[in-house]
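The next block holds one structure in the form of structure tokens; read it before the comments.
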There are 2 protein chains.
Amino acid sequence: MEEDKRRRLEESGWKVGSAADFLDLTEEEAAYVELRLALSETLRERRMEKGLTQEELARRIGSSQSRVAKMEASDSTVSLDLLVKGLLATGATRGDIAAAIAPEGTTRAA
Amino acid sequence: MEEDKRRRLEESGWKVGSAADFLDLTEEEAAYVELRLALSETLRERRMEKGLTQEELARRIGSSQSRVAKMEASDSTVSLDLLVKGLLATGATRGDIAAAIAPEGTTRAA
DNA sequence: GGTCGATATGTCACATATGGCATAATTTAC
DNA sequence: GTAAATTATGCCATATGTGACATATCGACC
């Protein structure tokens, strides 16, 4: 489970710093990367729940299928801005986004 | 209070769309802008609580005083990525950021 | 096997965000 | 008052993110 997350990060271009060792991430860097990962996972979940294809979601945000694929893969060339816009396009509210960002078990329903 | 928010937005380069009328923002656009605004306000609060100058915070994130000023002003040329990095540099956790994003009264302490 | 819809990956020209700098405006301390 | 510190604003060269496209890979179905 944790091993799985590590592999996904490395495959997404996150050789943070020059040491490029996963364990050398500072707390800040780790939090930043995990936050992005949480958002991209939530994006995929929400898109699928809505029964949308990447192509359809792409059209909603004026982007392309390939970029949506990269969003969901947490590719390093994807901005937080685009991730958030993607989430909003699936109908997510600020509260939904906050819930996606917060570490597990730290929020409750409004 | 609401009027105040509107003015700050307009001064930050958020003439969204071409109609440029505040009331023409879609729900999504409004949520996006408000989310950014919430983060920039929280950034300023946290920086001041820590007794940091913009200059000092800038150094922590490898940026410049002028950019930090723009972050706190929610300038339209500032990315969410930079805002989040700034918050993390003040010691904010994912939970802190989530709390900043969520609309008032929808979270509780972990 | 093969077809088809969906997703993944690589590349590129162009748009936007970036740090840095100068300088103006504002606040704070004396 | 005014000097010093801090913050705001404008600008620019460059770095980074962007949509678009081609193409590869995957899965379901026959």
Side-chain angles (χ1 to χ4, degrees), chain A residues 4 7-18 29 32-33 35-37 39-41 43-90, chain B residues 4 7-18 29 32-33 35-37 39-41 43-90:
Chain A
D4 186 48
R7 186 182 44 71
R8 276 178 296 154
L9 288 177
E10 290 182 342
E11 287 172 354
S12 303
W14 290 106
K15 315 284 186 194
V16 181
S18 48
E29 289 170 332
Y32 176 71
V33 172
L35 187 151
R36 292 176 52 101
L37 196 52
L39 289 181
S40 57
E41 286 172 353
L43 177 63
R44 166 159 289 166
E45 287 165 9
R46 292 189 58 95
R47 177 180 63 81
M48 294 195 144
E49 280 170 16
K50 304 285 178 182
L52 296 171
T53 70
Q54 292 182 344
E55 174 70 31
E56 288 166 336
L57 177 58
R59 247 194 303 274
R60 288 196 188 186
I61 61 177
S63 185
S64 59
Q65 177 268 324
S66 61
R67 192 131 286 272
V68 172
K70 283 162 190 166
M71 292 187 215
E72 295 183 352
S74 210
D75 187 282
S76 58
T77 72
V78 172
S79 70
L80 273 182
D81 299 71
L82 195 58
L83 278 175
V84 167
K85 285 175 184 171
L87 282 165
L88 291 173
T90 68
Chain B
D4 187 48
R7 187 183 44 71
R8 276 178 297 153
L9 289 177
E10 289 181 343
E11 286 172 355
S12 303
W14 290 107
K15 314 284 188 195
V16 181
S18 48
E29 289 170 333
Y32 176 70
V33 172
L35 186 152
R36 292 176 53 103
L37 197 52
L39 290 181
S40 57
E41 286 172 353
L43 176 62
R44 167 159 288 166
E45 288 166 10
R46 293 189 57 94
R47 176 179 64 81
M48 294 195 144
E49 280 171 15
K50 305 285 177 183
L52 296 171
T53 71
Q54 291 182 345
E55 174 69 32
E56 288 166 335
L57 178 56
R59 248 194 304 275
R60 289 196 187 186
I61 61 176
S63 185
S64 60
Q65 178 269 324
S66 62
R67 193 130 287 271
V68 172
K70 283 162 192 166
M71 292 187 216
E72 295 183 352
S74 211
D75 187 282
S76 58
T77 72
V78 172
S79 70
L80 274 182
D81 299 71
L82 195 59
L83 278 174
V84 166
K85 285 175 184 171
L87 282 165
L88 292 173
T90 68

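All figures in this text were calculated on a predicted structure; none of them were measured in a lab.
- With the end axes of the helix from C:dG1-D:dC30 to C:dC30-D:dG1 each set by five pairs, the angle from one to the other reads 50° at 10° resolution.
- The list of salt bridge (charged side-chain N to carboxylate O under 4.0 Å, His left out) pairs with a residue in residues 61-72 of chain B, not counting sequence neighbours, reads B:Arg44-B:Glu72, B:Arg47-B:Glu72.
- Close to C:dA6, at under 4.0 Å from its OP1 or OP2, lies no side-chain N or O of A:Arg47.
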N/O-N/O pairs, protein side and nucleotides 15-17 of chain C side, under 3.5 Å:
none

So which protein nitrogen or oxygen atoms get under 3.5 Å of nucleotides 22-30 of chain C's nitrogens or oxygens?
none

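- Applying a 4.0 Å cut-off to non-hydrogen atoms, the residues of residues 50-64 of chain B that approach DNA chain C are B:Gly62, B:Ser63, B:Ser64, listed by residue number.
- Every residue two or more places apart in sequence or in another chain that forms a side-chain hydrogen bond (donor to acceptor under 3.5 Å, both in side chains) with B:Thr90 is listed here: B:Arg46.
- In terms of modelled atom types and a separation under 3.5 Å, the side chain of A:Asp81 and the main chain of B:Ser79 share no donor-acceptor contact.
- Listed by chain and number, the residues in a salt bridge (Lys or Arg N to Asp or Glu O under 4.0 Å) with B:Glu55 are B:Arg59 (sequence neighbours excluded).
- When all heavy atoms of B:Met71 and B:Ser40 are compared, the pair lying nearest together is O-CB, 3.0 Å.
- In this structure, A:Lys70 atom NZ and C:dG10 atom P are separated by 9 Å, rounded to whole Å.
- For the side-chain contact (heavy atoms from CB on, under 4.5 Å) with A:Arg60, the lone residue among A:Leu88, A:Leu52, A:Val68 that qualifies is A:Leu52.
- Applying the side-chain contact (heavy atoms from CB on, under 4.5 Å) rule to A:Ala69 yields the partners A:Gln54, A:Gln65; only residues at least two apart in sequence or on another chain are considered.
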**Report entry** side-chain contact (heavy atoms from CB on, under 4.5 Å) evaluation trace for B:Met48 with B:Leu43
**Finding:** CA-CA 9 Å; B:Met48 294 195 144; B:Leu43 176 62; over 6 Å; no

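- Note that CG of A:Asp75 and CG of A:Leu82 are 11.0 Å apart. Values are rounded to the nearest 0.5 Å.
- Of all non-hydrogen atoms in A:Leu57 and A:Ala89, the two that sit nearest each other are CD1-CB, 4.0 Å.
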**Report entry** Evaluation steps, side-chain contact (heavy atoms from CB on, under 4.5 Å), between A:Tyr32 and A:Leu80
**Finding:** CA-CA 10 Å; A:Tyr32 176 71; A:Leu80 273 182; 4.2 Å; yes

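- A:Ser66 is linked by a side-chain hydrogen bond (donor to acceptor under 3.5 Å, both in side chains) to A:Ser64, counting only residues two or more places apart in sequence or in another chain.
- Between the P atom of D:dT9 and the CD atom of B:Glu72 lies a distance of 12 Å, rounded to the nearest Å.
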Query raised in the report: Given the rule in the side-chain contact (heavy atoms from CB on, under 4.5 Å) test, do A:Val78 and A:Arg36 qualify, once you have shown the distances and angles that lead to the verdict?
Result: CA-CA 9 Å; A:Val78 172; A:Arg36 292 176 52 101; 4.1 Å; yes

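- A:Leu43 has its CG atom 11 Å from the P atom of C:dA8, to the nearest Å.
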